[in-house]
Every structure is written in C-alpha cells, then in structure tokens.
Amino acid sequence: MEEQIGRVVSDLREETTIPGQYGLPASVHQRMAQTCTPALSVGVIDNFEVAWTRAFGTLAAGAEPATANTPFQSGSISKPVFALALMKLVETGVIDLDADVNDYLKSWRVPGRDGWQPRITLRQLLSHTAGTTIHGFPGYPASGPWPTIPQVLSGVPPANTQPVVVDILPGTQHRYSGGGTTIAQQLVVDVTGTPFPELMRKLILEPAGLTDSSFEQPLPSAFAKRAARGHPLNGTEIEGGHHVYPEMAAAGLWTTTADLTALGVEMMRSLRGDVSKLGLAPGTVKSMLRPQLPDQEIGQEFVGLGWFCAGKEQNFRFFHHGWDHGYVATMLMLPAIGKGVVVMLNSNQGSMLRSEIVAAVGREYGWPVLQDIPRISEAVPDLAHAGTYENANRKICVRQQRDHLLIEFAGQRALAAYPAVTGEFVARALNLRLRFAGDDSGRPSELTVVTGNKTELFKRTD
C-alpha cells in the first residue's frame with residue numbers, strides 16, 4: 001500500500017486547457033507549495049473498502065500537522081449529506097418529496113409575485129430544478145453577526161445575500177441553487193422542531209459513524225482547535241480561522257477525509273444490497289442517483305437528489321464538489337467497481353489539486369477514463385475531406401496528409417488534426433475539434449469547428 005500511496009502523491013500532473021495534455025509529474029508537496037496550500041487530506045476507496053487515508057502539511061503556517069482526522073469545511077458536499085438525512089424523513093413518512101413545501105414551512109414561506117404563487121417541492125430543491133435563486137453563500141466572519149435562516153431566505157440584515165425567490169418555472173430545468181437547499185433546511189427544522197445540527201447528527205452522522213463531522217455553526221471551541229484553518233489566496237489565513245455558515249445544509253458541514261470515505265463505502269455497499277450503516281433502503285439510495293427531469297438520462301451529467309451523476313455502467317459515478325471561503329473539497333464514487341476518492345484542502349488557490357489527485361488515483365487504481373478526451377484512431381483520412389469551407393466571417397482550407405489533415409486558418413500556420421475514434425478530427429496543439437457532414441455520396445458538404453467554447457459552421461465552396 002505504501003508503494004501505491006507513494007506513486008499517487010508523486011504523480012500530480014497539472015491540467016492544461018488542451019484535452020489530454022498535462023504538465024510534468026510533480027509531488028503533492030511541490031504542488032501544495034506552488035498553490036499556497038497549507039493542508040491537504042486524501043482518502044481512497046478500492047474494492048468497496050477504505051484503502052487508505054493520508055494528510056499532508058499543517059493546519060496553518062507553523063501549526064500542528066494535519067491528519068486524516070483533521071476536520072475541514074466541506075462546502076457544498078454538505079448538500080448530498082443533508083439529502084441522505086432528508087430521505088430518512090421521507091422513508092418514515094414525516095415528509096413527502098412531491099408535496100408543496102409551503103405545506104410544511106412555518107418560519108418562512110416561498111414568496112409569490114404579481115398574484116402568482118409558485119408550487120415547489122423537496123424533489124425539485126434537492127435536484128436544483130425548483131427555479132430558486134442564489135447560487136452560493138460567502139459565509140460570515142467568525143466574530144459575527146450571523147443571520148437566522150429566515151433572514152437569509154428573506155435577504156434582510158445581517159444576511160449578506162439577496163432574497164431567495166423563484167424566477168424560473170419550477171420543474172423545467174436545472175440551475176444550481178444553494179438558496180433552494182436552504183429552503184429545505186428550514187423546512188425540516190419547522191417539521192421536526194429540532195435544531196438542524198442535532199437533527200443531522202441523529203439522522204445521519206451518528207448512525208453512519210461519522211464521528212469527526214458536525215454541522216454546528218459556529219463550531220464548539222474544542223472542535224475548532226483541531227480543525228484546518230482556511231486560506232483563500234496566497235497562504236493568508238482567514239481572520240478567526242474560518243467563516244461561519246448559518247446555511248448549514250448548503251455549506252456548513254465540517255468533516256474529514258476519513259469520515260467521507262467511510263460514507264462513500266456505505267453508499268456503495270447499500271447500492272449493491274449489502275448491509276449499510278446509512279439506515280436507508282437500497283431502493284431509496286438508488287433513487288437519489290436517477291435523473292429528475294424528463295429530458296435527462298443515465299450517461300449524461302445530471303443532478304439526482306443531492307448528488308451529481310455522470311457516465312454509465314462501469315463509468316457511472318456520483319460526486320459533489322465543495323467550495324467555502326478558504327476551503328475546497330471533492331468526493332467522487334464509482335459504485336459499479338467499488339472505487340472512489342475524497343480530497344479536502346484549506347486553500348481556494350489550490351482548487352486544481354483536487355482534479356490532479358483524482359486523476360493520479362485513477363491512474364494508480366485502474367479507473368476508467370472519466371473525461372471526454374477523444375482517442376486518436378489509426379484510420380487514414382478520406383481524401384474527400386480536403387477542400388475549401390467558408391462562412392460569412394472566414395475561410396478554411398483543408399488538405400490531406402498521410403495520417404492527418406492540415407487545417408489552414410487565415411493568418412495562421414497550418415494546423416494538424418488527427419482522426420479520433422469518435423469520427424471527428426482533433427488537434428493536439430489546440431483545444432479544437434472538426435466534424436464533417438455531408439450527403440450519401442460521402443463527400444462532406446459542411447464542416448463544424450469547435451474550439452474552446454465556440455462552435456462555427458462552414459459550408460463547402462470548392
């Protein structure tokens with residue numbers, strides 16, 4: 001195992017903007033120094049078991065070393081953990097996923113406008129399809145003042161965000177909304193009459209064995225003393241060590257890589273029908289990882305109930321990222337093969353380390369490729385691709401070489417593009433793809449060029 005850990009932490013490759021191209025391998029300590037990241041913690045799951053957890057660095061500059069049991073703020077990973085607890089209330093009949101949330105809310109009500117009252121449900125709030133506003137929350141200084149949740153939802157002082165309202169027709173599209181999750185937080189408190197941190201401890205943290213996790217905001221002093229302190233940029237520590245998040249369901253979970261990897265194992269065990277500490281029926285857990293809009297399907301990226309999902313079969317994965325002031329985190333699980341990873345760190349500047357570590361773990365443990373990177377094929381380009389293509393703005397000349405095409409853009413040197421197994425052509429020097437289309441004769445009549453986030457259509461003119 002130590003050899004595997006050594007290979008992972010010495011093989012971090014910085015991502016570039018060109019798919020499939022990376023920087024030279026570097027060690028975790030090198031990358032932490034480059035990104036001003038004082039502490040980083042990693043947990044790896046293999047064959048449905050926690051393989052290892054390891055921490056690097058210190059809680060802050062000159063502070064004690066971090067461990068796998070060091071708490072970090074997890075940011076939005078709070079949302080799927082909250083969703084697991086909420087599903088227990090659904091299973092026991094305390095709440096209905098598809099009822100109007102205003103049927104349950106007491107301390108605050110979803111507002112209407114111009115004589116229209118929106119009807120939104122917990123299913124929509126958990127899947128970010130309720131049409132609610134407020135993407136995320138910046139948190140509050142440790143010294144206060146801190147608003148109540150009704151004040152946050154109404155956008156009144158001392159809240160530092162706008163009111164949460166419905167401005168898109170509910171149930172029609174996905175838009176990420178921490179504001180919507182905060183409505184759900186107030187709903188479960190109103191229904192149960194239990195303070196939110198206590199409710200979460202009873203419903204999910206304690207039963208699942210997450211002994212180093214808490215939704216308490218602010219943290220008790222004894223817990224806070226051993227927590228990693230936040231650093232937004234340049235290694236500068238947040239005054240007071242961290243921000244306070246009254247929006248606990250959306251961003252308030254303090255946890256460790258040891259706890260989150262254990263939770264990932266319990267999730268995957270439940271999905272395959274094994275005994276799980278979650279205390280949820282396997283069918284309930286499976287329902288959380290299904291599309292919630294009619295135009296979504298397995299294989300696409302979608303949000304289930306609390307979790308983001310992507311891929312299919314061996315490549316199916318559920319995951320969530322987290323970002324609080326001074327902290328970032330990632331939790332990713334592949335339930336078909338029983339593998340996963342958790343990464344937590346106390347630096348916003350080090351956010352790219354999450355994907356670098358995930359990729360290093362994937363290489364070491366034989367994960368399927370998770371990114372949409374076109375693989376070059378051995379096919380020989382068809383001479384029919386060669387020609388001139390134009391639109392209203394510019395002209396492209398395509399010439400054939402032995403194993404690739406040469407693409408000539410005005411004012412630029414010719415660029416090589418190679419056939420991919422997807423049927424398109426891809427450049428290695430730029431983030432660029434070419435898609436030819438035509439009639440039954442096999443001679444392309446148009447060319448679609450995708451570069452960066454721009455897509456252009458060209459018509460053949462020769």
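Heavy-atom basis, side chains included; hydrogens, waters and symmetry copies ignored. As the structure is a computational prediction, the values presented were derived from the model and not from experiment.
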Apply salt bridge (charged side-chain N to carboxylate O under 4.0 Å, His left out) to E356 and R31, showing your working.
CA-CA 10 Å; E356 293 175 22; R31 294 295 290 134; 2.7 Å; yes

Exam field: side chain D11 to backbone A26, donor-acceptor pair closer than 3.5 Å:
no

Salt bridge (charged side-chain N to carboxylate O under 4.0 Å, His left out) between E49 and R269, intermediate numbers included
CA-CA 9 Å; E49 300 283 352; R269 286 177 177 170; 2.9 Å; yes

Would you say the ring centroid of H174 lies under 6.0 angstrom from that of F302?
no

Counting N and O atoms only, with roles assigned by atom type, does the side chain of E198 sit under 3.5 Å from a partner on the main chain of P195, one being a donor and the other an acceptor?
no

Closest heavy-atom contact between R54 and A68?
N-CB, 4.2 Å

Testing the 3.5 Å rule here: is there a donor-acceptor pair between the side chains of S154 and W108?
yes

Using a cut-off of 6.0 Å, state whether more than 12 heavy atoms not belonging to E239 lie near its atom CD.
no

Atom CD of residue position E91 - does it have more than 12 heavy atoms of other residues, nucleotides or ligands inside 6.0 Å?
yes

Please say which of P141, P218, P158 ends up in a side chain to side chain contact (heavy atoms under 4.5 Å, CB included) with W146.
P218

Any donor-acceptor N/O pair, D96 side chain to D98 backbone, under 3.5 Å
yes

Whether Q296 side chain and L293 backbone form a donor-acceptor pair below 3.5 Å:
yes

Locate the shortest heavy-atom distance separating T132 from G180; write the atom from each residue and the value.
OG1-CA, 3.4 Å

If you look at every heavy atom in S347 and V328, which pair is closest and at what distance?
O-CG2, 3.7 Å

Which atom of P335 lies closest to which atom of L271, heavy atoms considered
CB-CD1, 3.7 Å

Mark yes when over 12 heavy atoms from residues, nucleotides or ligands other than K277 sit less than 6.0 Å from its NZ; otherwise mark no.
no

Between K339 and G366, is there a donor-acceptor pair closer than 3.5 Å when you use the side chain of the first and the backbone of the second?
no

Chi angles and distances behind the side-chain contact (heavy atoms from CB on, under 4.5 Å) call for M87, V285
CA-CA 9 Å; M87 293 305 288; V285 180; over 6 Å; no

Is it the case that the side chain of Q217 and the backbone of G252 share a donor-acceptor pair, with hydrogens and angles ignored and the cut-off at 3.5 Å?
yes

Side chain R317, main chain N315, donor-acceptor under 3.5 Å:
yes

Would you verify whether the NZ or CZ of R226 falls within 45 degrees of the ring axis of F223 while also being under 6.0 Å from that six-membered ring's centre?
yes

Nearest heavy atoms of I337 and Q314, plus distance in Å
CG2-OE1, 2.7 Å

Pair Y245 + Y140: ring centers closer than 6.0 Å
no

Pair F196 and F215, ring centroids less than 6.0 Å apart:
yes

Determine whether the aromatic ring centres of residues H128 and Y176 are separated by less than 6.0 angstrom.
yes

CA sep, side-chain torsions, deciding dist, call: E64, T58, side-chain contact (heavy atoms from CB on, under 4.5 Å)
CA-CA 5 Å; E64 56 268 37; T58 56; over 6 Å; no

Quiz question: by atom type and distance under 3.5 Å, do the side chains of H321 and T330 form a donor-acceptor pair?
yes

How about E266 and S276: does a side-chain donor come under 3.5 Å of a side-chain acceptor?
yes

Intermediate values then yes/no, side-chain contact (heavy atoms from CB on, under 4.5 Å), E15 and M352
CA-CA 8 Å; E15 292 184 344; M352 69 287 293; over 6 Å; no

W254 ring center near Y327 ring center (under 6.0 Å):
yes

Determine whether the side chains of Q4 and R7 contain a donor N or O and an acceptor N or O closer than 3.5 Å.
no

Could you tell me whether the side chains of D167 and T133 share a donor-acceptor contact shorter than 3.5 Å?
no

Cut-off 3.5 Å, side chains only: do S107 and D190 have a donor facing an acceptor?
yes

Looking at S27, is its backbone amide N or carbonyl O close enough to the side chain of Q30 to form a donor-acceptor pair, meaning the two atoms are under 3.5 Å apart?
yes

K454 side chain to T451 side chain, donor-acceptor N/O pair below 3.5 angstrom
no

Within 45° cone and under 6.0 Å: R272 NZ/CZ vs F48 ring:
yes

If we check side chain to side chain contact (heavy atoms under 4.5 Å, CB included) with Q73, which of these qualifies: L219, D324, L253?
D324

Q185 side-chain N/O to M248 backbone N/O, donor-acceptor pair under 3.5 Å:
yes

Examine distances only and state if a side-chain atom of N102 and a backbone atom of R109 form a donor-acceptor pair shorter than 3.5 Å.
no

What are the two closest non-hydrogen atoms of G179 and L153, and how far apart are they?
O-CD2, 4.0 Å

Is there a donor in the side chain of Q292 and an acceptor in the side chain of T129, or the other way round, less than 3.5 Å apart?
no

